[in-house]
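Notes for the one structure printed next.
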There are 2 protein chains.
Amino acid sequence: MSEQAPKSRKPRADQLRNRARLLEAAREVFRGEGGNLEAVARKAGLGIGTLYRNFPTREALFQAVYAHEVETLEQRAQVDGLEDWMREALQMMATKRGMVAALAPVIDPESSFISDQSLRMRGAVAQLHARAVADGTVRPDVTPDDLMRVLLAINYGPGADPARSSVLLDVFLAGLRSA
Amino acid sequence: MSEQAPKSRKPRADQLRNRARLLEAAREVFRGEGGNLEAVARKAGLGIGTLYRNFPTREALFQAVYAHEVETLEQRAQVDGLEDWMREALQMMATKRGMVAALAPVIDPESSFISDQSLRMRGAVAQLHARAVADGTVRPDVTPDDLMRVLLAINYGPGADPARSSVLLDVFLAGLRSA
DNA sequence: TAAAATACGGAGGTCGCCTCCGTTTTCAAG
DNA sequence: CTTGAAAACGGAGGCGACCTCCGTATTTTA
């Protein structure tokens, strides 16, 4: 049982190589504001079809690109308190505009594509929230999803300004402490 | 001097009629989430060209559609306190998703199209903010633009949920009171 | 009523999204 | 190696939304 099933072939080399190239290209393209998939394919020197085969949905691509960040956040949630975690999360999102798209599915009930990572993030936030509620350090009428919403909104709402984000988060956190 | 300049003709009747029709159609289309300009023209029974002639930019159309609401908000700002005003504004935006686009230019430094209304809104918020700061009922590190940002973000950020908006605003307002 | 001024409308160019399928590459069996 | 089937490639092409441009139609005024 060390091999899943010897029936299947070994994955093709070009596939793996191309997938890596696409991720690389996506990372670059997403840095500069844009969410243009054709640009990603072009920058990778590959056809658009190949991109879609590797990442059937926009979210799939975002998730893959930000897998590392999402995992980090998940882990920090085990250790940090709510406030620290939210500040870290804000920080992490600040430079990576595209990351929002990776996180949004977590609270989007429409999203048909709920990845593993989305679920784990969800769990992480819920845990953080539960602890804070137990401690009584947070208003009980706020839900875990609300916390994600606030993070996303502050970074990504219309007219969001990175320079002001941390102040706004501060205000929100202060409000959160009030019974 | 009762007439500006007798040199110019009387505005054409069809123009006025069509402008009104477009506004009517836009109001309907914007109610249902969408910001589709061709749909507006179609619903008005007019060509897309006519729409663009009357409202050269998307913002121009939004501003015209929500002129009444924006004026109301401006007037309330004279009377209300900060908290009440923000709750009213939230309420007003809640049903009118498109309104966000009318308000966003207020804090968008890029926007080449700063209408009269944008400027007046700006003034209104600034006034509200100044009063609250003077009263000491608001943290001094928050700017008027921040207030607009929060309203827009709560309504319009990714994953925003109308059902949760007022709770989030409450939290924020609570935070605002803390020195 | 006719010329001049003004407004209309939609064809068509652009761009991004996504699908579909003929062609090419890779794998592994012989 | 050879070779044939499985897997992956790539981009043409359809779609929807945006916006511009200009020939045609309507209104105004004299």
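Just so it is clear, the structure is predicted and the values come from calculations on it, not from any experiment. In what follows, chains are A, B, ... by sequence order, proteins preceding strands, each numbered from 1.
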Whichever of B:Asn54 and A:Arg42 has its nearest DNA chain C nucleotide further upstream toward 5': B:Asn54
Under-4.0 Å side-chain N/O to phosphate OP1/OP2 contact, B:Thr50 with C:dG9: yes
Charged N-O contact under 4.0 Å between A:Lys43 and A:Glu24: no
Side-chain ion pair, B:Asp14 and B:Arg17, N-O less than 4.0 Å: no
Sugar-phosphate, base or nothing in reach of A:Ala41, heavy atoms under 4.0 Å: nothing
5'-most by nearest nucleotide on DNA chain D - B:Ala39 or B:Lys10: B:Ala39
C:dT6 base / B:Arg9 side chain donor-acceptor hit below 3.5 Å: no
Toward the 5' end of DNA chain D, by each residue's nearest nucleotide, A:Gly47 or B:Arg58: A:Gly47
No-H, no-angle donor-acceptor pair, B:Arg53 side chain to C:dG9 base, under 3.5 Å: yes
Whole-Å distance separating the CG atom of A:Asn36 from the P atom of C:dG16: 5 Å
Rounded distance (Å) that lies between atom C1' of D:dT24 and atom CG of B:Leu46: 16 Å
Minimum-distance nucleotide to B:Ile48 side chain [options: D:dC18, D:dT28, C:dG10]: C:dG10
Pairwise side-chain contact, B:Phe62 with B:Val70, heavy-atom cut-off 4.5 Å (strictly under): no
Between D:dC15 (C1') and A:Leu37 (CG): distance, integer Å: 16 Å
Phosphate-side-chain proximity, A:Asn18 and D:dC9, N/O vs OP1/OP2 below 4.0 Å: yes
Rounded distance in Å - CD (B:Glu38) to C1' (C:dA11): 12 Å
Interatomic distance, B:Asp14 CG vs D:dT27 P [rounded to whole Å]: 5 Å
For the student: nearest non-hydrogen atoms of A:Ala25 and A:Val40, plus distance: CB-O, 3.5 Å
Nearest-Å distance for atom pair CG/C1', residues B:Leu51 and C:dG10: 13 Å
Test item: side-chain donor near acceptor, B:Ser118 and B:Gln63, under 3.5 Å: yes
Interatomic distance, A:Tyr52 OH vs D:dA8 C1' [rounded to whole Å]: 18 Å
Among D:dC19, C:dG9, C:dA7, the one nearest B:Gln15 by side-chain distance: C:dA7
Side-chain-base donor-acceptor pair under 3.5 Å for A:Arg12 and D:dA8: no
Whole-Å gap separating P (C:dT6) and CZ (B:Arg19): 17 Å
